[in-house]
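Working notes for the structure below.
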Amino acid sequence: MPLNPYHQASFIKSAARVHQLPEDVGFEVAFAGRSNAGKSSALNCLTGHRQLARTSKTPGRTQLINLFSVKDEQHRLVDLPGYGYAKVAQNVKQDWQANLSHYLEVRMSLRGLVLLMDIRHPLKELDRTMIHWAFDRELPVHALLTKSDKLSRSQVQQAVIEVRKHYDLLPEDLFSVQAFSSTKRHGLEELLTILNRWFDWPE
Ligand SMILES: Nc1nc2c(ncn2[C@@H]2O[C@H](COP(=O)(O)OP(=O)(O)O)[C@@H](O)[C@H]2O)c(=O)[nH]1
Ligand SMILES: [Mg+2]
């Protein structure tokens with residue numbers, strides 16, 4: 001595999017609140033999804049680090065915004081807290097949601113949102129909420145339908161088509177969809193193309 005810049009990703013910091021983030025300059029690409037959607041696995045697959053983002057069998061524990069630099073600190077991957085974990089108290093949930101919507105609303109360096117959803121259960125209510133927050137400021141969303149190894153090839157194709165169809169009226173550069181498997185490393189090239197575009201790196 002050719003050397004990809006994401007393999008040099010390194011941890012910058014964790015932030016509990018938007019005001020604790022690094023200065024809002026350069027480029028950011030955020031990864032979001034329900035707890036257990038496969039976000040940590042995808043980030044680890046992308047960066048080649050086995051423990052860059054911690055995978056967990058007890059979802060809902062990561063409440064911090066984690067930032068990683070790619071090439072330099074002007075280009076950052078942002079691991080947003082997972083949402084939708086049933087056992088979390090209502091007030092904590094509301095707090096996370098306020099924090100996530102605030103981040104999506106005010107962060108000027110944010111160029112795109114990678115939204116991870118289990119390919120077997122896409123577009124849950126909170127996923128749609130995230131998508132609408134992004135569209136409120138015309139932020140592009142790339143839906144990453146994870147764990148595609150769990151379905152047959154035709155089921156995977158069907159799922160991609162259906163999610164895309166749900167946002168029929170939006171142009172492809174504002175809403176795109178792909179299947180992804182961290183375990184099989186399927187879909188990495190397609191994801192890299194989107195990330196490079198958002199970071200304004202030549203293909
Ligand atoms: N079969 C399969 N399982 C996956 C894949 N990605 C993640 N998982 C599993 O799904 C669970 C949640 O993954 P994790 O990356 O921790 O999800 P997160 O909560 O969104 O960070 C773990 O048990 C992973 O091993 C995948 O591509 N294929
Ligand atoms: Mg995780």
Side-chain angles (χ1 to χ4, degrees), residues 1-11 28-62 66 68 70 76-86 111-128 130-131 134 140-167 170 172-199 201 203:
M1 196 162 80
L3 188 66
N4 94 45
Y6 304 95
H7 278 204
Q8 281 118 56
S10 66
F11 180 73
E28 263 172 22
V29 173
F31 283 65
R34 296 175 65 82
S35 297
N36 220 33
K39 182 160 55 65
S40 300
S41 303
L43 282 167
N44 292 340
C45 180
L46 171 69
T47 59
H49 293 235
R50 265 204 280 140
Q51 283 297 0
L52 183 80
R54 221 186 291 161
T55 51
S56 165
K57 295 216 186 295
T58 43
R61 292 182 64 190
T62 334
N66 299 305
F68 305 90
V70 184
R76 299 177 295 276
L77 293 176
V78 181
D79 181 11
L80 294 174
Y83 48 84
Y85 184 49
R111 301 309 164 102
L113 176 68
V114 178
L115 188 72
L116 292 94
M117 300 179 283
D118 188 316
I119 194 161
R120 298 162 297 176
H121 319 283
L123 297 177
K124 298 275 194 194
E125 188 184 347
L126 287 173
D127 299 322
R128 296 178 200 209
M130 291 290 292
I131 291 170
V141 174
H142 184 62
L144 204 64
L145 304 184
T146 60
K147 311 188 192 182
S148 65
D149 55 281
K150 298 272 194 185
L151 296 181
S152 72
R153 195 173 296 215
S154 63
Q155 287 172 315
V156 166
Q157 269 180 348
Q158 195 55 35
V160 169
I161 288 168
E162 273 170 24
V163 171
R164 186 65 188 89
K165 211 156 71 185
H166 195 86
Y167 294 96
L170 294 166
E172 180 73 20
D173 59 356
L174 201 55
F175 185 74
S176 47
V177 187
Q178 72 158 104
F180 190 83
S181 166
S182 296
T183 39
K184 302 266 188 209
R185 304 181 65 81
H186 285 168
L188 206 48
E189 289 294 312
E190 206 175 339
L191 175 60
L192 289 177
T193 302
I194 296 284
L195 296 180
N196 289 340
R197 186 181 305 152
W198 288 347
F199 279 134
W201 285 334
E203 300 192 1

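Because only heavy atoms are used, hydrogens play no part in the values below, and waters and symmetry mates are left out as well, while side chains stay in. Position 1 is the first residue of the sequence, and the numbers go up from there.
In terms of modelled atom types and a separation under 3.5 Å, the side chain of Thr146 and the main chain of Leu116 share no donor-acceptor contact. In terms of modelled atom types and a separation under 3.5 Å, the side chain of Asn44 and the main chain of Ser41 share no donor-acceptor contact. With hydrogens and angles ignored, the 3.5 Å screen pairs a side-chain donor or acceptor of Gln155 with a backbone N or O of Ser152.
How far CZ of Arg34 is from CG of Leu126: 6.0 Å, rounded to the nearest 0.5 Å. Going from atom CE of Met117 over to atom NZ of Lys124 covers 11.5 Å, rounded to the nearest 0.5 Å.
In this structure, Leu43 and Tyr6 have side chains that are not in contact, with every pair of non-hydrogen atoms separated by 4.5 Å or more. Side-chain contact check for Thr47 versus Phe68: every heavy-atom pair is 4.5 Å or farther apart. Between Leu145 and Val160 there is a side-chain heavy-atom pair separated by less than 4.5 Å. Contact of the Glu172 side chain with the Arg164 side chain is registered, since non-hydrogen atoms from C-beta on lie closer than 4.5 Å. Contact check for Asn66 versus Phe31: no side-chain heavy atoms found under the 4.5 Å cut-off. Counting heavy atoms from C-beta on, the side chains of Leu191 and Gln178 come closer than 4.5 Å. A heavy-atom distance below 4.5 Å is found between the side chains of Ile131 and Leu123. Annotation: side chain of Arg128 is in contact with side chain of His166 (closest heavy-atom distance under 4.5 Å).
Nearest heavy-atom pair, Leu188 versus Leu46, reported as atom, atom and distance to 0.1 Å: CD1-CA, 4.1 Å. Scanning both residues, Phe180 and Cys45, for their nearest heavy atoms gives CZ-SG, 4.0 Å. In plain terms, the two heavy atoms of Ala32 and Leu113 that are nearest each other are CB-CD1, 3.9 Å. Minimum heavy-atom separation, Val163 to Ala143: CG1-CB, 4.5 Å. Smallest separation of non-hydrogen atoms from Ser148 and Ile119: CA-CG2, 4.0 Å.
Applying side chain to side chain contact (heavy atoms under 4.5 Å, CB included) to Leu115 and the options Val141, Leu144, Leu80 leaves one that passes, Val141.
Relative orientation of the His142 and Trp198 rings is perpendicular, given thresholds of 30° and 60° on the angle between their planes.
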